[in-house]
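These numbers come from a predicted model, not from an experiment.
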Amino acid sequence: MPDRTDARATRYWLLKSEPNSFSFDDLWAAPKRTTHWDGVRNFQARNFMRDDMAVGDGVLFYHSSAEPVGVAGVAEVSRAAYPDLTAFDASDPHYDPKSRRDAPTWVVVDVRAVKKLPHFVTLDELRATPGLEELQVLRRGNRLSITPVTAAEWEIIRRLGGLA
DNA sequence: GCCAACGTTGGC
DNA sequence: GCCAACGTTGGC
């Protein structure tokens with residue numbers, strides 16, 4: 001019989017955001033340093049949020065389509081998946097008429113900023129660092145906005161960023 | 001601005 | 001169920 005009180009191991013994630021739209025500093029400045037990670041419209045990313053993300057999971061906040069590109073800060077999942085209300089709003093750019101209130105297609109998690117990296121870790125640095133060869137964001141053609149990170153990768157990137 | 005990569009859509 | 005067309009992503 002599974003022990004439902006057993007806390008599962010913390011997982012780690014890399015979340016992409018275009019800083020022109022929403023940067024790590026924006027998250028830091030938000031109320032409670034927290035935001036709803038809304039607007040995700042990719043099923044694989046949705047499944048990670050819905051099925052795999054739990055409160056306390058570590059998040060690397062990655063700036064894409066920016067100068068520079070790379071990891072800006074560390075955050076954490078502060079609330080597990082719940083419906084993405086932007087999907088119901090016809091005036092929202094992420095409106096999805098196929099998502100119904102009684103059967104939401106899309107979900108969000110809450111993400112809270114924990115620490116800005118003393119040293120911004122650029123994409124070039126990630127590429128040049130042993131141990132990060134399998135990091136999904138380094139893969140050619142990778143477009144997934146939410147990808148899992150191993151505990152080992154998490155530690156390496158934190159250290160690159162100047163955290164103990 | 002370019003373009004490769006990839007997910008989604010829709011005709012058949 | 002196939003697959004070409006299309007739209008989007010994202011590094012450069």
Atom pairs, protein N/O to nucleotides 2-4 of chain B N/O, distance under 3.5 Å:
| from | atom 1 | to | atom 2 | distance (Å) |
| --- | --- | --- | --- | --- |
| B:dA4 | O3' | A:Arg140 | NH2 | 2.8 |

Contact list (N/O, under 3.5 angstrom) for nucleotides 8-11 of chain B vs protein:
| from | atom 1 | to | atom 2 | distance (Å) |
| --- | --- | --- | --- | --- |
| B:dT9 | OP1 | A:Lys98 | NZ | 3.3 |

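At distances below 3.5 Å, not a single donor-acceptor pair connects side-chain atoms of A:Asn47 with backbone N or O atoms of A:Gln44. Between the side chain of A:Arg11 and the backbone N or O of A:Pro148 there is no donor-acceptor pair closer than 3.5 Å. Side chain of A:Asp89 to backbone of A:Tyr95: no donor-acceptor contact under 3.5 angstrom is found. Checking side-chain atoms of A:Thr86 against main-chain N and O of A:Asp92 turns up no donor-acceptor pair under 3.5 Å.
Linking Ile, Leu, Val, Met, Phe, Trp and Tyr whenever their side-chain heavy atoms come within less than 4.5 Å puts A:Val149 and A:Val114 in one cluster. Residues A:Leu160 and A:Leu14 share a hydrophobic cluster, clusters being chains of Ile/Leu/Val/Met/Phe/Trp/Tyr side chains in contact below 4.5 Å.
In this structure, the salt bridge (charged side-chain N to carboxylate O under 4.0 Å, His left out) partners of A:Asp25, at least two apart in sequence or on a different chain, are A:Lys116. A:Phe43 is linked by a ring pair (Phe, Tyr, Trp, His ring centres under 6.0 Å) to A:Trp106, counting only residues two or more places apart in sequence or in another chain.
Across every non-hydrogen atom of A:Trp28 and A:Ala113, the tightest pair is CE3-CB, 3.5 Å.
Side-chain N/O atoms of A:Glu153 and A:Thr150 include a donor and acceptor closer than 3.5 Å.
The neighbour count for A:Glu134 CD, taken as heavy atoms of other residues, nucleotides or ligands under 6.0 Å away, does not exceed 12.
Checked for salt-bridge contact, A:Asp57 and A:Arg8 meet the test: a charged N lies under 4.0 Å from a carboxylate O.
Less than 4.0 Å separates DNA chain C from at least one heavy atom of each of the following residues of residues 123-130 of chain A: A:Leu123, A:Arg127. In the region residues 62-72 of chain A, proximity to DNA chain C at under 4.0 angstrom, judged on heavy atoms, holds for A:Tyr62, A:Ser64, A:Ser65, A:Val69.
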